[in-house]
Amino acid sequence: MNGKFFSKKEASISVFDRGFLFSDSVYEVTAVIGGSLVDWQEHFARLIRSLDHLDLVNNFQEEDFYQIQKKLIKENELKEGLCYVQVTRGVAERDFNFAKSSSLPTVVIFTQEKLILSNPACKVGIKIITVPDNRWRRRDIKTTQLLAQSLAKTHAVKKGVDDSLLVQDGFINEGSSSNAFIIKDECIVTPCLSNDILGGITRSAVIKFCKKNNLEIKEQKINVNDLINAQEVFLTSATGFVLPVIEVDGRRVGNGLIGDRVREIQKIYLEQIKLKLS
Ligand code: PDD
């Protein structure tokens with residue numbers, strides 16, 4: 001925290017931290033496999049973009065952040081899981097106008113163990129439901145305002161499925177914490193980048209790897225009908241990688257089993273990221 005290392009019990013922040021009072025903060029989640037970070041540079045670049053968009057002043061150096069994360073992974077003996085980074089606007093008197101305060105940002109980094117490579121969901125697939133997207137309109141900024149996503153995920157689990165897909169005006173945006181892809185007429189399709197979705201690091205890696213392997217891929221709007229009639233569906237995220245979807249709103253996707261194309265994309269993604277771990 002703020003450049004110092006604390007045990008889980010010792011680490012604490014002020015109740016006046018704007019991250020706590022206003023969700024005035026941004027974050028990144030980077031996967032760790034075999035003790036190495038996946039797509040670290042891309043995550044750091046997005047962190048800086050999020051900070052810039054919120055006018056959250058920073059002079060963070062990539063190398064410093066990288067070294068701290070590597071040290072934390074080593075100290076915590078983390079082999080597989082994630083490294084979480086959060087930067088808030090810092091501690092100030094509670095005021096909607098943040099321009100008045102000149103607080104220093106609060107930086108918190110921690111690790112969490114999580115099954116990533118051996119996540120059973122990657123082998124059996126997940127079931128999802130569609131729900132309205134109730135978030136604010138700047139979903140391209142990775143802020144910690146995650147209440148709508150958290151409600152959507154919990155709602156899905158209460159309904160006996162794994163996750164929710166957020167829908168707006170009949171078109172799908174993304175998962176509660178992932179980007180969405182469908183396969184339609186043999187072509188891989190994912191919603192185009194806009195303020196409506198987060199520009200996922202895994203999403204862009206998958207697009208790049210598909211192009212490199214001559215798999216046809218398009219970025220365009222997907223309506224709910226296309227989703228329901230898709231041959232295959234999958235979600236991507238830093239901690240889920242390429243997650244096959246086998247059921248949407250109670251209907252089987254394809255024959256209800258993980259499709260060949262998704263398996264191929266899972267294989268390509270794993271092969272490619274292993275080449276650039278850091
Ligand atoms: N969430 N869309 C949303 C709303 C997300 O929260 C995430 C990631 C993604 C996928 O982005 P990426 O591929 O860069 O992880 C898309 C992370 C994993 C989380 O909040 O834990």
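Position 1 is the first residue of the sequence, and the numbers go up from there. Whatever order the structure lists them in is the order used to number ligands and atoms, beginning at 1.
Under the side-chain contact (heavy atoms from CB on, under 4.5 Å) test applied with Leu215, the options Ile265, Ile183, Ile207 reduce to a single match, Ile265. Of the residues listed (Thr30, Thr202, Ile201), the one engaging Asp39 in a side-chain contact (heavy atoms from CB on, under 4.5 Å) is Ile201, and it is the only one.
The closest protein non-hydrogen atom to atom 6 (O) of ligand 1 is Ser177 CA, 3.4 Å. With hydrogens left out, the protein atom closest to atom 2 (N) of ligand 1 is Glu174 OE1, 2.7 Å, a heavy atom. Remark: minimum distance from atom 21 (O) of ligand 1 to any protein heavy atom is reached at Val29 CG2, 3.6 Å. What sits closest to atom 10 (C) of ligand 1 on the protein, heavy atoms only, is Asn179 OD1, 3.6 Å. Protein heavy atom nearest atom 11 (O) of ligand 1, with residue, atom name and distance: Gly200 CA, 3.4 Å. Among all protein heavy atoms, the one lying closest to atom 18 (C) of ligand 1 is Thr239 OG1, 3.9 Å. Looking from atom 15 (O) of ligand 1 to the surrounding protein, the closest heavy atom is Ala238 N, 2.8 Å.
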Side-chain donor/acceptor pairs under 3.5 Å, residues 108-120, sequence neighbours excluded:
residue	atom	partner	partner atom	Å
Thr111	OG1	Asn76	ND2	2.8
Asn119	OD1	Ala121	N	3.0

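Of the heavy atoms in Thr202, both backbone and side-chain atoms come closer than 4.0 Å to ligand 1. The part of Lys142 lying near ligand 1 is the side chain, judged by heavy-atom distances below 4.0 Å. Contact annotation for Arg135 and ligand 1: only side-chain heavy atoms (C-beta onward) come within less than 4.0 Å of the ligand.
There is a path of hydrophobic side-chain contacts, each under 4.5 Å, that joins Leu47 to Ile68.
Using a non-hydrogen distance threshold of 4.0 Å, Tyr27 registers as a contact of ligand 1. By the 4.0 Å heavy-atom criterion, Arg46 is counted among the residues contacting ligand 1. Assignment of Ser176 to the shell around ligand 1 is supported, since a heavy atom sits closer than 4.0 Å.
No donor-acceptor pair closer than 3.5 Å links the side chain of Glu232 to the backbone N or O of Ile258.
Residues Arg139 and Leu198 form no side-chain contact, since every pair of their non-hydrogen atoms from C-beta on lies 4.5 Å or further apart.
The distance criterion of under 3.5 Å between nitrogen or oxygen atoms is met by Ile201 with respect to ligand 1.
Using modelled atom types and a 3.5 Å distance limit, the side chains of Tyr84 and Gln86 yield a donor-acceptor pair.
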**OP:** Take Asp133 and Arg135 through the salt bridge (Lys or Arg N to Asp or Glu O under 4.0 Å) test and state the conclusion after the steps.
**Re:** CA-CA 6 Å; Asp133 195 339; Arg135 298 174 295 167; 2.8 Å; yes

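The aromatic rings of Phe181 and Phe234 sit parallel to each other, their planes meeting at less than 30°, with 60° as the upper class boundary.
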